[in-house]
Visitor: 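Below is one structure. I have some questions about it.
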2 protein chains.
Amino acid sequence: MSLRHALLALLEAEPMSGYSLAKFFDQSVAYVWHAPHSQIYPELRRMEQAGMITGRSEARGTFATKRIYSLTDDGRAELARWVEELSPLPRERDAAYLKSSYFEYGDYASARKHFEAHRAHHEEQRRRWEAHVKQLENRDTDLLRIRLAQAPEHLRKQVVAYKVHVYHGLIERAKQEVRWALAGLRMVDELEAETVAARPAPAGTPRKAVERTKSAGPPTRVSRRHEPPRR
Amino acid sequence: MSLRHALLALLEAEPMSGYSLAKFFDQSVAYVWHAPHSQIYPELRRMEQAGMITGRSEARGTFATKRIYSLTDDGRAELARWVEELSPLPRERDAAYLKSSYFEYGDYASARKHFEAHRAHHEEQRRRWEAHVKQLENRDTDLLRIRLAQAPEHLRKQVVAYKVHVYHGLIERAKQEVRWALAGLRMVDELEAETVAARPAPAGTPRKAVERTKSAGPPTRVSRRHEPPRR
DNA sequence: GACTGCATGTAACGAGTTACATGATTGG
DNA sequence: CCAATCATGTAACTCGTTACATGCAGTC
């Protein structure tokens, strides 16, 4: 139930409406745990039901109202409990790596396209995280300012340090993914070079022809060969 | 829909029952994408409905039967399509890092406990992946042998290479996570040392006493401080 | 005859995604 | 008055988790 606890942590900084919560969420927690507003509003109602937060309606303009939620003691206790508690680390589930395991069902161009996209994605992520960690280090986000203003002096250092450490971790991860993608691209080059070497084409033959050069063997399109196993 | 395509890929190697599928799954794909059998059986039925696989019932002993699924041409096409297709990389969602961002709500011991568990988990993962990649490199798993026996010669190298690359990536990731956890532990030490320095205890005072040494200020247990925000 | 492995499921729930939907307020 | 932004939702669906449930087959 990470969403719930992320919301508790945000409300610990300051009472807010669901809308502001969603805004702050996008600018902070969402870098680590994404959630759309359609998940936030109902969760807030469930949390209120469970007594972790209370909402009071506040006027907005003449006719409209908004609902401001604040933490209850139970909510604070739940937040503390969650932070203490070791949660089981999730099972591995990585769609990109799964697909990469089966690139032999596609061609070299496809493998390259995927590794290239992987690289681009994680470079972008890295940029975003680096920008954000810089803000954190300068204590330059709205949320952090609020939090620091409230935290007792001896905790301020920790408030920043833990978050910075998390973002450094994310950045290193992103770098690792970029390295992995680049190594993947090099690997594809090598595999292709070997294919070419194994089937030497007459000088000047365009690269494309590689697919169907040898005449030996059955018509071997890449994904053929599917008789039921003889046993 | 990664589960579906993982199953297609397994069936591409050899027709199998749901049960064997689940077994092979656990010994291969599950290192990258975990799924329990309760998810596999219904998915197989849906895939049959969709025409990607066909099942025939086969006798087992005198009374029992089992259902053996094989890929159809549509299934093969779907597998090829999926491998070609760029799927959007998933949004970040990391419960452990999220919680780490808020370690200031717990005490140093709790932060240490978490980083320590993180380290242990990823060291274990690394061991498992290293063992598996060794098997892959030696072409020493049942599934890989089947696959290699069927694959046209020019694809064999790729079949192994892509998988090995994936596991190398996972191993590097695990190492990175271990480094992150260790850095976290060092950080906690530093934070605690600073706390001690800021509240100098009489020489000879045992470390434990740090928590309640100074008499100035309110009774400040490390994880206290949860009055509603005064403003 | 008991235990282990083979074989296949259901049901309830929780979490997350995408799309649709509506209306008030504020500032230019 | 129009657009952006504040504000709050619902509905349908997919995916995944956990627990419960059943029964045959082979072997010691």
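Within every chain, numbering begins at 1; the chains are lettered A, B, ... in the order of the sequence lines, protein sequences first and strands thereafter. Keep in mind it's a predicted model, so treat the numbers as computed, not measured.
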Visitor: Assert yes or no for the condition that the ring centre distance of B/Y97 to A/Y167 is strictly below 6.0 Å.
Guide: no

Visitor: Which is true for A/R4 with a 4.0 Å heavy-atom rule: it touches a base, it touches only sugar-phosphate, or it touches nothing?
Guide: nothing

Visitor: List the protein contact pattern of nucleotides 21-28 of chain D with one symbol per nucleotide (5' to 3'): B for base contact, S for sugar-phosphate-only contact, - for none; contact means a heavy-atom distance under 4.0 Å.
Guide: --BBS---

Visitor: Would you check if B/M16 and B/L11 make a side-chain contact, meaning some heavy-atom pair closer than 4.5 Å?
Guide: yes

Visitor: Return no unless some side-chain N or O of B/Y41 is found under 4.0 Å from OP1 or OP2 of C/dT8.
Guide: yes

Visitor: Would B/H114 and B/H118 count as a ring pair (Phe, Tyr, Trp, His ring centres under 6.0 Å) if you check the C-alpha gap in whole Å, the side-chain angles of each, and the deciding distance to 0.1 Å?
Guide: CA-CA 6 Å; B/H114 279 86; B/H118 197 85; 9.8 Å; no

Visitor: Taking only residues two or more places apart in sequence, or in another chain, which ones meet B/Q176 in a side chain to side chain donor-acceptor pair (under 3.5 Å)?
Guide: B/R179

Visitor: Take atom CZ of A/R67 and atom P of D/dG9, then tell me their distance rounded to the nearest Å.
Guide: 9 Å

Visitor: Sequence neighbours left out, what passes side chain to side chain contact (heavy atoms under 4.5 Å, CB included) with B/H121? Give chain and number order.
Guide: A/L89, B/Q125

Visitor: Among residues 17-26 of chain B, which ones have heavy-atom contacts with DNA chain D below 4.0 Å?
Guide: none

Visitor: Are A/R45 and A/R67 packed together at the side-chain level, in the sense that at least one heavy-atom pair is separated by less than 4.5 angstrom?
Guide: no

Visitor: A/K66 has an atom NZ; how far is it from atom P of D/dT8, in whole Å?
Guide: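 Whole-Å distance recorded here is 8 Å.
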
Visitor: Given atom CZ of B/R45 and atom C1' of C/dA7, what is their separation to the nearest angstrom?
Guide: 13 Å

Visitor: Tell me: CE of A/M47 to C1' of C/dG14, nearest whole Å?
Guide: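 Going from A/M47 (CE) to C/dG14 (C1'), I get 16 Å.
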
Visitor: As a quick check of understanding, evaluate side chain to side chain donor-acceptor pair (under 3.5 Å) for A/Y102 and B/E12, giving each step before the final call.
Guide: CA-CA 11 Å; A/Y102 297 115; B/E12 203 278 339; over 6 Å; no

Visitor: Using the rule side chain to side chain contact (heavy atoms under 4.5 Å, CB included), only one of B/Q135, B/R128, B/E130 pairs with B/H132; which is it?
Guide: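 The residue from B/Q135, B/R128, B/E130 that satisfies side chain to side chain contact (heavy atoms under 4.5 Å, CB included) with B/H132 turns out to be B/Q135.
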
Visitor: Anything under 3.5 Å between a protein N or O and an N or O of nucleotides 15-17 of chain D, put it in a table, one pair a line.
Guide:
{"from": "D/dG16", "atom 1": "OP2", "to": "B/Q39", "atom 2": "NE2", "distance (Å)": "2.7"}
{"from": "D/dG16", "atom 1": "O5'", "to": "B/Q39", "atom 2": "NE2", "distance (Å)": "3.4"}
{"from": "D/dG16", "atom 1": "O3'", "to": "A/R93", "atom 2": "NH1", "distance (Å)": "2.6"}
{"from": "D/dT17", "atom 1": "OP1", "to": "A/R93", "atom 2": "NH1", "distance (Å)": "3.2"}
{"from": "D/dT17", "atom 1": "OP2", "to": "A/R93", "atom 2": "NH2", "distance (Å)": "3.1"}

Visitor: In this structure, how many angstroms lie between the P atom of C/dT8 and the CD atom of B/E58, rounded?
Guide: 11 Å

Visitor: Return the value, rounded to whole Å, for the distance between atom CG of B/L44 and atom C1' of C/dT10.
Guide: 16 Å

Visitor: What about A/H165 and B/W180, are their ring centers closer than 6.0 Å?
Guide: yes

Visitor: Considering residues at least two apart in sequence or located in another chain, which fulfil the salt bridge (Lys or Arg N to Asp or Glu O under 4.0 Å) criterion with B/K66?
Guide: none

Visitor: Between B/Y105 and A/W82 (judged by ring centroids, cut-off 6.0 Å), do the two rings come close enough to count as a pair?
Guide: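 Ring centroids of B/Y105 and A/W82 are no less than 6.0 Å from each other.
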
